[in-house]
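Single-structure report; data block below.
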Amino acid sequence: MSVLFVCLGNICRSPTADGVFRGLVARAGLDEQILVDSAGTGAGHAGNPPDSRSQAAAAERGYDLSKLRARQVTEDDFHRFDLILAMDQANYNGLMNLQPVNSKAHLDMFLSCAPELGVREVPDPYYGGDDGFELVLDLVEAAGEKLLDSLRRQYQL
Ligand code: 4NP
């Protein structure tokens, strides 16, 4: 099965989710069963590596984001992926507008898999301080574990 994480720029939140979730999937020995990718609703950073602050914060926790490159989400992604997960409501709304009628992908908010966190959105850290990047990692690690549990049950992996 396949999962696509989506934020605005694809340089902070969704590449963090991509790298962290890939790590969780690899640790579970499921890299052949679960394909992980990320994209942005905006095109402004396409081709760029993740923000250096996201890379540094992720590296501190053992995740290498350096090889990822930003791209804009396309209508075709709705035919390629099983699950498309938005980091916040604005990006969810943008994805709803892009979603074709015959979409294969199920569209959801990423944090809906972890309601116990009491947070609906992964906040945009781009214009803030280092603590925002740590919060992104905290939320993504916690929700990533929940997502993996739920996919394992749903797809019997
Ligand atoms: P992201 O963060 O959506 O988590 O990648 C942002 C990156 C860039 C901008 C906004 C948010 N920007 O306005 O350029």
Side-chain angles (χ1 to χ4, degrees), residues 1-26 34-100 103 105-148 150-151:
M1 69 82 52
S2 52
V3 188
L4 181 69
F5 295 101
V6 179
C7 61
L8 174 59
N10 192 209
I11 56 168
C12 297
R13 292 165 290 176
S14 63
T16 300
D18 186 336
V20 167
F21 196 62
R22 260 177 225 250
L24 294 177
V25 165
I34 303 179
L35 176 85
V36 184
D37 196 8
S38 63
T41 53
H45 295 273
N48 292 347
D51 188 287
S52 56
R53 297 165 295 174
S54 292
Q55 289 200 49
E60 286 277 333
R61 300 196 195 189
Y63 308 105
D64 177 15
L65 307 185
S66 67
K67 300 201 177 51
L68 300 174
R69 293 295 176 268
R71 71 174 180 87
Q72 189 174 25
V73 69
T74 65
E75 190 177 317
D76 191 50
D77 286 318
F78 287 89
H79 301 299
R80 292 177 50 217
F81 288 88
D82 295 299
L83 189 56
I84 298 183
L85 296 173
M87 294 291 147
D88 63 26
Q89 189 66 48
N91 287 297
Y92 181 89
N93 294 348
L95 289 163
M96 281 279 281
N97 288 334
L98 185 64
Q99 185 170 35
S103 170
H106 173 67
L107 174 61
D108 204 349
M109 293 279 282
F110 176 35
L111 296 188
S112 73
C113 68
E116 73 285 355
L117 294 176
V119 190
R120 288 195 68 249
E121 304 185 304
V122 181
D124 181 354
Y126 189 68
Y127 293 106
D130 287 347
D131 52 342
F133 291 85
E134 294 302 326
L135 176 60
V136 169
L137 276 160
D138 290 344
L139 293 172
V140 161
E141 285 187 323
E145 300 268 11
K146 289 304 185 94
L147 175 64
L148 185 55
S150 119
L151 295 182

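Counting convention: from 1, in listed order, for ligands and their atoms alike.
- With hydrogens and angles disregarded, no donor-acceptor distance shorter than 3.5 Å links the side chain of Asp108 to the backbone of Leu85.
- For the pair Val140 and Tyr63, the minimum side-chain heavy-atom distance is 4.5 Å or more.
- Atom 9 (C) of ligand 1 has Tyr126 CD2, 3.6 Å as its closest protein atom, hydrogens excluded (heavy atom only).
- Ranking protein heavy atoms by distance to atom 13 (O) of ligand 1, first place goes to Tyr127 OH, 3.2 Å.
- Figure legend: cation-pi geometry between Arg53 and Tyr126, with NZ or CZ positioned under 6.0 Å from the six-membered ring centre and within 45° of its axis.
- In terms of modelled atom types and a separation under 3.5 Å, the side chain of Asp77 and the main chain of Thr74 share a donor-acceptor contact.
- If you look at Asn91 next to ligand 1, there are no close heavy atoms at all, none under 4.0 Å.
- Counting atoms of ligand 1 from 1 in the listed order, those under 4.0 Å from a heavy atom of Ile11 are 5 (O), 7 (C), 8 (C).
- Under the 3.5 Å distance criterion, the side-chain polar atoms of Asn48 are left unmatched by any main-chain donor or acceptor of Ala70.
- Considering only non-hydrogen protein atoms, atom 11 (C) of ligand 1 sits nearest to Asp124 OD2, 3.1 Å.
- Atom 8 (C) of ligand 1 has its closest protein heavy atom at His45 NE2, 3.4 Å.
- Any N or O atom pair closer than 3.5 Å counts here, and Gly9 shares at least one such pair with ligand 1.
- An N or O contact shorter than 3.5 Å is missing between Ser14 and ligand 1 by distance.
- Using modelled atom types, no side-chain atom of Gln72 and backbone atom of Gly40 make a donor-acceptor pair closer than 3.5 Å.
- With hydrogens and angles ignored, the 3.5 Å screen pairs a side-chain donor or acceptor of Glu121 with a backbone N or O of Gln89.
- Taking distance alone, with nitrogen or oxygen atoms compared against 3.5 Å, Cys12 approaches ligand 1 more closely than that limit.
- Nearest protein heavy-atom neighbour of atom 1 (P) of ligand 1: Cys7 SG, 3.5 Å.
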